[in-house]
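To start, the structure under review is shown below, and the notes come after it.
The basis for the numbers below is simple: all heavy atoms, side chains too, and nothing from hydrogens, waters or symmetry mates.
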Amino acid sequence: MFNDSFTQKLRRQLNQPLNQKNILVKLFLPILFFISFIIYLEAKRRRRNGYLKINDIDIHSKINDIQIICIGNILLGGTGKSPIVQKIAELFMNRNYVVAIASRGIGDNIKTVYVDNKQHLNKNYLSDENREHFEKLLLHCKSNQKFYILQNPNRLESLKYFCQQKNNLDDKTTNYVLLLDDGLQHFKCPRDINICAWDPNLLLQSPLFTIPIGPYREGFGKRNFENLLASFDFRLWSRTSFGNLNEYTRIVKNCIHTFNLNNNRSDIITCSETIFYEIIGNNSLNQIDLKNINSSSNNISIVTGIANPERFVQEIKQFFPHKNFHHYSLGDHGSLSKKAIDFINNSEVLVLTLKDYFRWCQHLDFVFAIKNKMTILCSIDVSFYNLNFEKEDILTKLIKFKR
């Protein structure tokens with residue numbers, strides 16, 4: 001059983017090749033192309049003007065010791081960017097860096113709030129994505145470490161705040177890194193490195209145009225996409241499973257050839273692994289092993305509010321063989337509807353992403369619906385490989401990177 005939202009149907013239309021779009025879209029193609037071209041021109045103007053330089057801001061002398069790395073995408077969600085941000089943050093924490101993730105927040109909960117692992121009374125004000133960042137880094141960090149989640153539509157203000165915290169710590173032996181989550185289109189914040197996540201399958205199949213023709217925020221035609229693909233410091237091809245690494249690498253190499261790119265050390269493939277959690281106490285996480293879960297139910301219900309949920313659903317099915325699956329999709333960053341609540345109430349075993357859980361956990365009807373119900377939460381852990389199927393030490397590349 002599959003219940004699809006309007007936004008998810010719309011997203012699928014954006015992904016479809018031009019000759020496979022529905023008749024209504026084809027009727028309005030001239031108008032849609034015109035809108036797409038206008039959006040492209042504005043995006044091109046902003047990219048031509050470039051990103052703000054560190055020397056152009058009044059605090060430039062205070063941030064020379066902070067490495068600023070932007071991780072984003074051109075696609076409208078669904079490239080697995082969030083797990084990449086979390087993994088890179090964890091890798092820096094392993095080297096005893098003070099890490100900050102700066103993000104604008106998405107959805108109804110876009111309030112300016114700065115949270116760290118020592119002072120986190122305001123964590124309920126974090127958006128779903130940022131709350132997931134916080135909880136996963138909290139599980140990872142050592143007792144003497146400190147990290148920050150900085151939620152502000154203006155990432156430059158988050159950078160200034162992080163500089164202030166750095167000066168307050170006054171520890172000259174500590175290294176600092178600021179990760180700009182989804183900041184490739186935010187030109188008013190400086191950065192040292194730009195990482196762009198790409199989906200090679202969509203690049204080869206979907207229309208290479210900005211919305212509302214294709215699923216992209218920038219770009220208009222193959223030649224322009226060739227320039228975009230070559231313009232960022234690292235291309236992260238996201239994502240596949242380890243078992244599918246050979247086939248996925250072949251697709252990536254095909255993509256590199258199709259878009260006339262140089263096959264170089266900036267191309268990195270992300271492999272994913274699904275991690276399962278339960279909620280304990282005050283919405284805190286506890287990692288669990290599915291082998292220790294006993295359920296006599298033959299029915300698994302999945303509710304998603306993410307982009308491209310089909311891949312997530314297929315992955316979950318592999319962990320629960322011989323079960324009946326029921327899926328309700330709300331679209332990317334979707335809010336709970338009455339139908340969704342009814343669906344949850346009628347479920348026996350419920351599977352959600354962490355991001356969706358933290359978006360809905362303040363919703364009283366949702367809290368009541370999952371009470372005393374087996375609820376399994378899922379997130380993604382990633383590892384990095386080069387095009388020769390070798391594990392990639394992305395952290396060393398980032399630390400040593402020079403343009």
Taking the side chain from [X] and the backbone from [Y], do they hold a donor-acceptor pair closer than 3.5 Å?
X    : Y    : result
Y328 : I341 : no
D56  : L52  : no
S337 : A340 : yes
R131 : R359 : no
K355 : E132 : no
R155 : D181 : yes
K146 : N117 : no
Y40  : I35  : no

Donor-acceptor pairs under 3.5 angstrom involving side-chain atoms of residues 92-102: please list them, not counting sequence neighbours.
from, atom 1, to, atom 2, distance (Å)
N94, OD1, H140, NE2, 2.8
N96, OD1, K142, NZ, 3.4

side-chain contact (heavy atoms from CB on, under 4.5 Å) evaluation trace for I69 with L398:
CA-CA 8 Å; I69 301 172; L398 294 176; 4.1 Å; yes

Lys/Arg-Asp/Glu bridge criterion (N-O < 4.0 Å) met for [X], [Y]:
X    : Y    : value
E348 : K373 : no
K81  : E129 : yes
K339 : D342 : no
K317 : E310 : no

Run the side-chain contact (heavy atoms from CB on, under 4.5 Å) test on S241 and N244 for me, step by step, so that the C-alpha distance in whole Å, both residues' side-chain angles and the decisive distance to 0.1 Å come before the verdict.
CA-CA 5 Å; S241 63; N244 195 45; 3.5 Å; yes

Would you kindly say whether [X] and [Y] are connected by a side-chain donor-acceptor distance under 3.5 Å?
X    : Y    : answer
T249 : N246 : no
N130 : Q151 : yes
N152 : E157 : no
T270 : Y385 : no

Would you say the ring centers of F401 and F234 fall short of 6.0 Å from each other?
yes

Verify whether the ring centers belonging to Y114 and F162 lie closer than 6.0 Å.
no

My understanding is that only one of F33, F225, F37, F34 makes a ring pair (Phe, Tyr, Trp, His ring centres under 6.0 Å) with F209; could you say which?
F33

Salt bridge (charged side-chain N to carboxylate O under 4.0 Å, His left out) contacts in which one or both residues fall within residues 195-224, not counting sequence neighbours:
R47-E218, D182-R217, K222-E226

Test side-chain hydrogen bond (donor to acceptor under 3.5 Å, both in side chains) applied to Q86 and K136, step by step:
CA-CA 8 Å; Q86 292 160 10; K136 290 190 71 175; 3.1 Å; yes

If we check side chain to side chain contact (heavy atoms under 4.5 Å, CB included) with C378, which of these qualifies: L352, L354, V351?
V351

What class does the angle between the rings of W198 and W237 fall in, given that below 30° is parallel, 30 to 60° is tilted and above 60° is perpendicular?
tilted

